[in-house]
Every structure is written in structure tokens, then in C-alpha cells.
Amino acid sequence: MNETSMDAALPVDPTGINAVAWAEGRLDLLDQRRLPQDVRRVVCEDVDAVILCIRDMVVRGAPAIGVSAAYGAVLAARERLRRDGTNWRAGFQQDLERLRQARPTAVNLGWAVDRMLATAARAGDAPEAELLAEARRIHAQDIAMNQAMARFGADLVTEPGTVITHCNAGALATGGLGTALGVIREAFRRGRVTRVWVDETRPWLQGARLTAWELAREGIPATVITDSAAAQLMRRDPPTWAIVGADRVAANGDVVNKIGTYSLAVAARHHGVRFMVVAPSSTLDAATPDGDAVPIEQRDPEELWRAAGGRPEGAAAANPSFDVTPAGLVDALVTEKGVAAPPGPDSVARLLAS
Ligand code: MRU
């Protein structure tokens, strides 16, 4: 494979975090289970390792798992070609279907898998270089979309003040820069963000561990609060905007995102705090009519017991990982193609068509 000829398309994360990277012919991931204590990387040599890393949240965040799956498809093709020669296609398709199933809620995963399947369908029997070029395009496009959204979103933050965010929609959750955190980074650069309130985001603590780490390393003032402190904060000292990412935006504008987003949006509307969702067009899903049609991942209750420090004998727990925020609670949906304010069936269709 001629890697040098594709150097022009090399994706560059402007933050330098590089949560997802392709290095020496392998997928190289920053292990998000260990942050902030340890900054360690996990190298995936085959598609099974990629599937495991997505399931176990070594890599997480809708766009980041889409980019990882694209590189995973390159590894799948390489292995199938080695094992099955010119009969590589059937096994490759099975591998990509397994990749698609690794996590159910984020639509970016299926979107990236479909792009890689389409590339494979066009390729001959030496598809590796074409697949790698497509994976790099997906990665570079994700960063470019985040850069465009950062500008559109920051234009909406017109006066200086605090903002609040939920989960981690930063460089760690994407190919680079971030969606919600891309907007926050750009608004901070323009002098419009004095402090970021960060929901800790129970039970996996994406806010307390990941968002706080990303903001601290850039010197952006941030304060972590419990998820349940957000409403009281809005009552006493309202932020200018709540700014979050999304795992999937349905055709009617409903937003599916990390559990706790819905209650943040309800509290925001009650207190007159504007609510911004930042998501690339790869997160918009025209095939899903509304949020209730989106499969909500139920994760192992053990994550909750770990956060609680133990499980009382005989106690049960449920751990839904995402929730649905009705479109009516969203003031602005920011995509790389423009802003839907508010989002709804017509504005989402217009964005998808543009
Ligand atoms: O379970 P996670 O950590 O993968 O959930 C991530 C989120 O909910 C993010 O807000 C979403 O994927 C948008 S990331 C740009």
C-alpha cells in the first residue's frame, strides 16, 4: 500500500489529543476508561479488537466510534484478504455488520459502516488502499465539520457569560476538536465564555473525567457539578446557553444524547436558558421518524454499582445510557451545513438536502 500518496488527506486534530489515530497500519486509540489518571493508548490490530474497544468504551462518542469503525473496516479487509483471498467479500460484510452492532444508539457508526461498504463495493480485489483513503476522508471530514460547527455555534453565543455542558462532546468524542466543545472552545476564544459548568454525567463520568480534562489542559475555566445541581445553578446564576452533542437526531428534530440531557433541557426551558445541540450531518437520521424509534442502549448495571462503590445485597439497578430530548425543547440545532432554530421536520429535511 502506498501510504505516502495519501498524506495530503491526513487528518489533524487541532487540539493535539488525537483520540483516534491510524499509525503504522493499525488503529491507535486513547484509552478513555483510564483518563484522567492514565494517558495510555490501545492498539487494535484486527476488527475484533475494534469492536471490543467500542463496546468497552476505550473509544466513545458518536463521531469517534464512526471514525474508529471506518479504520476497523480497513483491518477487516486486510484480514479477510489474507485468509480468504479473492473470496474476501462475504466475510468482510459479516465483519462490518458486527461492527455496526457494537453499540446501538449512535447513528454515526452505521453511517461510517455504510460508506466503507460502498467503497468496498466499488473496489477491486486489492481494496486496502481505497478503504484506508476513505477512512481517512471520513476522519478528516469529521474534523472539518466540527470546525464549521464551532463557528456557527459560537456566532449564537453573543454575550459573555457562563455555559453548561453535559457528557463529553469534545475532541475525545470525535475525530478532533469536538462538537459541543468545539463551539465552547471557539466562543471562549472570542471572549464570550467566562466559565464552563460541566455536569459530571453519571454513572460513567464523561463530564468529570473527560470534559474537565480537555478543558483544563487548555486553561478554559471549568467547574464540575453533579448532574442534579444543574437546575439550582440555572435558578441562581443562569448560564447563557446549555451546549451539548447528540448521538442521533431523528427526522422530526428529537435529539437522542447521553442520559441526563433531557432533564437538563427541561430545566433549561423552565429557567429561560437557551439549549443548543451541536451535531454533524452524519448524526442526522432521516430514516428514524422520532426519538422514540431510536434504540436506547442499556448498559451493564455494574457501571452504576461501581460509581456507587458497591451493590447492596439484593438491590437491582437499570442503566439506560441515552435519553430523548423532544425537538420542542431545543432552541438551536447546529450542523456544519447551518443552523436549524428551532429544529423540526422541515428544517431537518432542509439541512439533510443541502
Ligand atoms: O456513551 P458515550 O460516552 O459514547 O456517549 C456520548 C454522548 O452521549 C455524546 O454526547 C455524543 O456522542 C456526542 S459526541 C460529539
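Scope of the values below: all heavy atoms of this structure, side chains included, with no hydrogens, waters or symmetry mates. Note that ligands are numbered from 1 as they come in the structure, with each ligand's atoms numbered from 1 the same way.
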Practice item. Give the C-alpha distance, both sets of side-chain angles, the deciding distance and a yes or no for side chain to side chain contact (heavy atoms under 4.5 Å, CB included) between Glu218 and Arg189. Key: CA-CA 11 Å; Glu218 285 171 33; Arg189 201 187 61 76; over 6 Å; no
Practice item. Over 60° means perpendicular and under 30° means parallel, so classify the ring planes of Tyr71 and Trp22, tilted if in between. Key: parallel
Review point. Quick one: side-chain contact (heavy atoms from CB on, under 4.5 Å) partners of Ala121, sequence neighbours excluded?
Key: none
Check your understanding: Got a sec, which pairs hit salt bridge (charged side-chain N to carboxylate O under 4.0 Å, His left out) with one end in residues 308-332, sequence neighbours left out?
Key -> Arg269-Asp331
Exercise for review: Would you mind listing every side chain to side chain donor-acceptor pair (under 3.5 Å) that reaches into residues 341-354, with sequence neighbours excluded?
Suggested key: none
Exercise for review: Enumerate the protein residues lying less than 4.0 Å from ligand 1, judged by heavy-atom distances, in chain and residue-number order.
Suggested key: Met57, Arg60, Gly61, Ala62, Pro63, Arg103, Cys167, Asn168, Ala169, Ala173, Thr174, Thr179, Gln206, Ala246, Asp247, Asn257, Lys258, Phe322
Point to revise | Side-chain ion pair, Asp155 and Arg190, N-O less than 4.0 Å | key: yes
